[in-house]
Number of protein chains: 2
Amino acid sequence: MPTATVENYLKAIHQLAGDGERPVAIGKVASELEVTPGTATTMMKHLGGRGLVDYVPRRGVRLTAAGDEAALRVLRRHRLVELFLVEVLGLDWGDVHAEAEVLEHVISDKLLARIDEMLGHPTADPHGAPIPDAQGRMPEHAGASLADAGPGRYQLLQVSEDDGSLLAWLSDHGLRPGTRFDLLDHDRPAGILRLRIDGADGVTSLGTSAAGHLLVQAI
Amino acid sequence: MPTATVENYLKAIHQLAGDGERPVAIGKVASELEVTPGTATTMMKHLGGRGLVDYVPRRGVRLTAAGDEAALRVLRRHRLVELFLVEVLGLDWGDVHAEAEVLEHVISDKLLARIDEMLGHPTADPHGAPIPDAQGRMPEHAGASLADAGPGRYQLLQVSEDDGSLLAWLSDHGLRPGTRFDLLDHDRPAGILRLRIDGADGVTSLGTSAAGHLLVQAI
DNA sequence: GTCAATATTTTGATAAATCAAAATCAGGGA
DNA sequence: TCCCTGATTTTGATTTATCAAAATATTGAC
Ligand SMILES: [Mn+2]
Ligand SMILES: [Mn+2]
Ligand SMILES: [Mn+2]
Ligand SMILES: [Mn+2]
């Protein structure tokens, strides 16, 4: 059984791997987890020894099948817990990530199963991120970044930003996964988008930096 | 912030202290937490340095005011979590202790407050043990051991046994906190009690060892 | 192709928890 | 009072996770 620390490393590598093309640089892992590079290097050797990653010094790491499975298991727990905290306990959207970051490592399989059942085997967390199923299969859900979108009508699929003020701002402006809106215009040089959000009045402006965290689907 | 380990030591000392008359022997702490005596000794020095216990070598330890407050805080969390798991998630009576043993250290104050609210500020956990309030005040609830009781009518107040088969056995026989029953007779030499439990049919027999874990109130 | 900037690894320490086994103490019985 | 026994403390290690700073490798710029 991996420790909480090991699970966090695996999850971080999984996130950073993206499509899995190239190995993940050790420095990325280190900064993602806010540890020094030396600490990450040490851990990579551990994970390599445990068969959870393929680690090539100075090239990077990539998850093995076992490591990927473990990462998806933690991701599933994280996202189910987040949704549970929002849906059942009514916690704030922006608060649940920190809570889930620790609960994901400690709840029993039995408790997780009850949560999953109580939520009706959901496929997306409160941020719209897909929840891997019990077998570790990730539901496909294709969204494009709002930062790359041109004028048109869209639905917000996912906010890929786990903590902080962006979530609160989105709530305040009526933007949450599932919300529909019109992208009125996208001033690329200025880096500003103007939206008319269903259910909100007036026009909302936001910058590319924020839009980069929003995954949308044209409708 | 104390670590989970420190919190467990404080909670153990609190439990073992009873009325608080005499200091708790280090060996008791060690066996309660299933660590070697040397480990407990080391920790007592630690806790002493942090101002959480008064530790007199070879005499024992006793919680300071700060240590007692911390212990009650953890106890509150433990019991609220147990009740939550039973009431809201429908987990098994016998499963919740192990789960709470770890959750008690990691849930945020915010989450705990929501749980408390959702349960309606309860004063007893699923085993009937009193839940300290947010200020650390322990609700008084006077029960006597069934092992010392004579024939008569009683109500079960509390089962002071956190894990294992006794809980399952009690459930199976319709005995839970709040249940009423008649103690038909108590054969002290043989160590056997015979009860007629409200809502169950026939007569149930149990031994003094089990009865010793049941706190009852004459009604 | 050389070399300096950047990324990574190594080295030497530290903190928290723990154990095994040796040393020590304290109290009760002779 | 003396000593034995059981409880406790000490000592010396180990594991996991971390950092700071020195050493080293890679690579893109020239
Ligand atoms: Mn999250
Ligand atoms: Mn985590
Ligand atoms: Mn319990
Ligand atoms: Mn605990």
Side-chain angles (χ1 to χ4, degrees), chain A residues 1-13 15-18 21-63 66-67 70-71 74 101-102 104-106, chain B residues 1-13 15-18 21-63 66-67 70-71 74 101-102 104-106:
Chain A
M1 330 46 273
T3 63
T5 303
V6 164
E7 289 186 336
N8 285 332
Y9 275 92
L10 294 175
K11 193 156 59 91
I13 296 167
Q15 307 284 222
L16 294 168
E21 267 306 305
R22 280 119 22 70
V24 176
I26 267 56
K28 300 290 181 184
V29 176
S31 66
E32 173 75 15
L33 292 167
E34 302 184 88
V35 297
T36 62
T39 300
T41 295
T42 303
M43 182 57 77
M44 290 314 103
K45 291 194 269 195
H46 274 190
L47 297 182
R50 304 261 279 100
L52 296 167
V53 301
D54 287 324
Y55 165 55
V56 182
R58 297 203 127 100
R59 310 241 38 195
V61 270
R62 115 194 309 160
L63 293 174
V74 182
E101 200 50 66
V102 21
E104 64 189 0
H105 311 291
V106 301
Chain B
M1 342 29 285
T3 63
T5 305
V6 163
E7 289 187 338
N8 284 333
Y9 274 93
L10 294 175
K11 193 155 60 94
I13 296 167
Q15 306 285 220
L16 294 168
E21 268 305 307
R22 280 116 27 68
V24 176
I26 266 57
K28 300 289 181 185
V29 176
S31 65
E32 173 75 15
L33 291 168
E34 302 184 87
V35 295
T36 61
T39 299
T41 296
T42 302
M43 182 58 77
M44 291 313 104
K45 290 194 270 194
H46 221 190
L47 297 181
R50 307 260 281 98
L52 295 167
V53 301
D54 287 325
Y55 166 54
V56 183
R58 290 193 137 106
R59 309 240 41 198
V61 269
R62 118 194 307 161
L63 294 174
V74 182
E101 198 53 65
V102 23
E104 65 189 359
H105 310 292
V106 301

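Only heavy atoms go into these numbers, but all of them, side chains included; no hydrogens, no water, no symmetry mates. Just so it is clear: chains get the letters A, B, ... in the order the sequence lines come, proteins before strands, and each one is counted from 1. Because the structure is a prediction, the values reported are computed rather than measured.
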Enquirer: Would a 4.5 Å heavy-atom cut-off, applied to side chains only, mark A/H105 and A/V74 as touching?
Expert: yes
Enquirer: Taking B/S31 for the side chain and B/E34 for the main chain, is one N or O donor matched with an acceptor at less than 3.5 Å?
Expert: no
Enquirer: Side chains of B/T39 and B/T42: do they bring a donor and an acceptor to under 3.5 Å?
Expert: no
Enquirer: Pick the nucleotide of DNA chain C nearest each of A/P57 and B/T39; which residue has the one closer to the 5' end?
Expert: A/P57
Enquirer: Mapping A/M44 and B/T42 to their closest nucleotides on DNA chain C, which lands nearer the 5' end?
Expert: A/M44
Enquirer: Can you tell me if B/T41 touches the phosphate of D/dT8, counting only side-chain N or O atoms and a distance under 4.0 Å to OP1 or OP2?
Expert: no
Enquirer: Testing A/E32, A/H46, A/M44 for side chain to side chain contact (heavy atoms under 4.5 Å, CB included) with A/Y9, which one passes?
Expert: A/M44
Enquirer: Tell me what B/A25 touches on the nucleic acid: a base, only sugar-phosphate, or nothing, going by heavy atoms under 4.0 Å.
Expert: sugar-phosphate
Enquirer: Is any side-chain N or O of A/Y9 closer than 4.0 Å to OP1 or OP2 of D/dT16?
Expert: no
Enquirer: Suppose we call a contact any N or O donor and acceptor under 3.5 Å apart; does that hold for the side chain of B/R59 and the base of D/dT8?
Expert: no
Enquirer: Can you check the B/M43 CE to C/dT18 C1' distance for me, whole Å?
Expert: 9 Å
Enquirer: Using atom CG of B/L33 as one end and atom C1' of C/dA16 as the other, report the distance to the nearest whole Å.
Expert: 16 Å
Enquirer: Taking the side chain of B/T36 as heavy atoms from C-beta outward, which of C/dC19, D/dT9, D/dC19 is closest to it?
Expert: C/dC19
Enquirer: Of the candidate nucleotides C/dA17, D/dT18, C/dT8, which contains the atom at the shortest distance from the side chain of A/P37?
Expert: C/dT8
Enquirer: Can you list the residues that meet the side-chain contact (heavy atoms from CB on, under 4.5 Å) rule with B/A70, with sequence neighbours excluded?
Expert: B/L10
Enquirer: Send over the distance from A/L10 CG to D/dA17 P, rounded to a whole Å.
Expert: 11 Å
Enquirer: With a 4.0 Å limit, can you tell me whether A/Y55 has a side-chain N or O closer than that to the phosphate oxygens OP1/OP2 of C/dT8?
Expert: no
Enquirer: Would you indicate what B/G38 reaches in the nucleic acid, counting non-hydrogen atoms under 4.0 angstrom: base, sugar-phosphate, or nothing?
Expert: base
Enquirer: Can you tell me how far C1' of D/dG6 sits from CD1 of B/I26, to the nearest Å?
Expert: 15 Å
Enquirer: CG of B/L47 versus P of C/dT18: gap in Å, rounded?
Expert: 11 Å
Enquirer: Are A/K45 and C/dT9 close enough that a side-chain N or O sits under 4.0 Å from OP1 or OP2?
Expert: no
Enquirer: So, under a plain 3.5 Å distance rule, would you say the side chain of A/R58 forms a donor-acceptor pair with the base of D/dT26?
Expert: no
Enquirer: With a cut-off of less than 4.0 Å, is there a side-chain N or O of A/T5 near OP1 or OP2 of D/dA17?
Expert: yes
Enquirer: Please report the distance, rounded to the nearest Å, between NE2 in B/H46 and P in C/dA17.
Expert: 7 Å
